[in-house]
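Notes to accompany the following structure.
Every number for a ligand or one of its atoms is a count from 1 in the order of the listing. Numbering of residues begins at 1 and proceeds along the displayed sequence.
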Amino acid sequence: MTTKKNTIVLAYSGGLDTTTAIPWLKEKFSADVVALTVDVGQPGDMEETRRRAIQVGALKALVADGREAFVREFVWPALKAGAVYEGEYPLATALSRPLIARLLAEAAVAEGAFAVAHGCTGKGNDQVRIELGIMALAPQLKVIAPAREWGMSRDEEVEYLRRRKLPTPPAKTTKFSIDENLWGRSTEAGPLEDPWHEPPEEAYGWTASAADAPAEPTYLKLEFAQGVPVAVNGASMTPLALVQHLNTIAGRNGVGRIDHLENRLVGIKSREVYEAPAAVVLHKARRALEAITLAKEQQRFRDMVAQQYADLVYNGQWFSVHRQDLDAYVASLERYVSGTVRVKLHRGASTVVGRKSPHGLYAYELATYDKADQFDHKAAEGFIQVWGLPIKTQARRGRAAGPDPSRRSEETR
Ligand code: ARG
């Protein structure tokens, strides 16, 4: 038990930064290091990652399967809320960080650790998200960010491990910096740092280019219950299976590529290429269902809430009271957002081609131009008189933008 007093739980990805962090933390803090890897659907062999942590000196290496919790507790609320950062980014990386923070905090408490550590640098958003998560859930813990402190280049990190006769992770095979989970893939750096430069095909890993996508469209029937998807083409699916399924189908059709020049919380503009096939299709479909189930004022107001929600997720405030309040609004809003949306996937485009809901506000007898029409045309006349009254009054006082006031007749003065 005495060793536990000096334990640090490290969020371990298996990459060079967090691998170097294991001996670095042990030496600098004379501490035991417990590595925690969270599976949020990223590629890679978790067993191999675990082994690597032990090989470079971790006392223990834990792997947590966070995939179901990620979709149910983080992705679904954000989808329901319509959270898309700056109208482009469905927040894959940003949504995984609070889950990682929660699992880190839980492991630290279970291990009796005094600190947690993460591999984020000082330039990104993720340091903020993880640290605010720890502050919210276990404020007694110290947070250590080795890669923000040590100032080593990648070559120096390799050298650091070699000097200690420790194995180094396989060398990077890409010029990009990539982060992946079930909700999307983010690619930055390398040639993408020139915002004028079109992303090369090798920047993409999940999606076909529109040119290589099948010539025939794919149609999907997506069934929603209270703002979240529950079935595809009549087959009920778990949230995890549904997201995986849509990533495959939409990705194959070239859907889900996003080239975004975004505003980071730390004040930098950065260019990110995202692939989020399931997210793009699901946000679009949910919104289409809202158009038939919500009143106009609800639609207008919900867009403001969606933006608040997206900013809050991006900015690391997942565990805030503000989010609880927004969730309460969204739960109420989505009560009637149930029904089915038909989506066509074709050569990079996803298009909503049909929608229906048992709670629909679309009334055929009001909308139709045929003889089934029940709309009271005569009522429009009085309506327009009253609706137009303020603008008519403004015109009479010479204030409405209209004919040149110098040509106003005496009568209207
Ligand atoms: N810019 C995105 C965010 O802050 C994603 C960053 C992911 N990291 C990467 N190396 N691509 O959420």
Side-chain angles (χ1 to χ4, degrees), residues 11-19 21 37-38 40-44 66 70 74-75 77-79 81 83-101 118-133 145 147-148 153-154 157 169 172-195 197 199-200 202-207 256-280 283 306-307 309-319 323:
Y12 184 66
S13 70
L16 181 59
D17 289 339
T18 52
T19 299
T37 305
V38 180
V40 279
Q42 70 274 37
F70 180 48
F74 297 86
V75 170
L79 172 65
V84 177
Y85 186 64
E86 298 182 333
E88 301 270 5
Y89 167 38
L91 296 161
T93 298
L95 285 165
S96 71
R97 281 6 184 196
L99 172 61
I100 292 170
H118 62 74
C120 308
T121 68
K123 284 180 82 169
N125 301 307
D126 288 335
Q127 51 177 344
V128 181
R129 297 167 183 151
I130 290 183
E131 295 189 28
L132 264 63
R148 202 167 57 194
S153 67
R154 290 188 71 84
E157 288 173 35
K172 252 177 80 166
T173 53
T174 161
K175 42 190 179 246
F176 305 108
S177 164
I178 300 170
D179 183 66
E180 285 179 73
N181 64 49
L182 287 157
W183 199 229
R185 180 179 195 265
S186 326
T187 305
E188 59 181 352
L192 300 176
E193 285 177 355
D194 177 357
H197 190 84
E202 67 264 26
Y204 298 102
W206 285 15
T207 54
R257 293 184 172 191
I258 299 156
D259 183 352
H260 183 33
L261 201 132
E262 83 192 22
N263 290 295
R264 282 194 201 163
L265 182 56
V266 294
I268 303 168
K269 285 190 187 288
S270 75
R271 207 271 191 95
E272 289 270 1
V273 169
Y274 297 108
E275 290 172 283
V280 164
H283 272 293
Q307 195 188 329
Y309 207 102
D311 282 349
L312 158 170
V313 170
Y314 191 86
N315 296 337
Q317 296 159 302
W318 180 266
F319 296 106
R323 186 189 48 92

Examine ligand 1 and decide if any of its atoms is less than 4.0 Å from a heavy atom belonging to R264. no

How far apart are the closest heavy atoms of A92 and F70, and which atoms are they? O-CZ, 3.9 Å

Give the numbers and elements of all ligand 1 atoms closer than 4.0 Å to a heavy atom of S186. 5 (C), 7 (C), 11 (N)

Run the numbers for me: atoms of ligand 1, each under 4.0 Å from some heavy atom of Y274, listed by number. 1 (N), 2 (C), 5 (C)

Note the single closest protein heavy atom to atom 1 (N) of ligand 1, along with its residue, its atom name and the distance in Å. E262 OE2, 2.6 Å

Min heavy-atom dist R129 to ligand 1 below 4.0 Å: yes

Kindly give the heavy-atom pair with the smallest separation between R185 and Y204, and that separation in Å. NH1-C, 3.7 Å

Pair R148, T121 - check side-chain hydrogen bond (donor to acceptor under 3.5 Å, both in side chains), show working. CA-CA 5 Å; R148 202 167 57 194; T121 68; over 6 Å; no

Salt bridge R271-D194, side-chain N to carboxylate O under 4.0 Å: no

So Y274 and H260, would you call those rings parallel, tilted or perpendicular, with 30° and 60° as cut-offs? tilted

Hey, does Y85 sit under 4.0 Å from ligand 1 if you only count heavy atoms? no

Around atom 9 (C) of ligand 1, find the nearest protein heavy atom and jot down its residue, atom name and distance. E188 OE2, 3.3 Å

Does T93, backbone or side chain, put an N or O under 3.5 Å from an N or O of ligand 1? no

So, the side chain of D179 versus the backbone of T93: is there a donor-acceptor pair under 3.5 Å, distance only? no

Within the distance-only criterion (no hydrogens, no angle test), does the side chain of T18 pair as donor or acceptor with the backbone N or O of S13 below 3.5 angstrom? yes

Does ligand 1 have an atom that lies less than 4.0 angstrom from a heavy atom of Y89? yes

Nearest non-hydrogen protein atom to atom 10 (N) of ligand 1, with distance, is S177 OG, 2.6 Å

Which heavy atom of the protein is the closest neighbour of atom 4 (O) of ligand 1, given with residue, atom name and distance? N125 ND2, 2.7 Å

To which protein heavy atom is atom 5 (C) of ligand 1 closest, and what is the distance rounded to 0.1 Å? E272 OE2, 3.5 Å

Sub-6.0 Å ring centroid separation between W318 and F74: yes

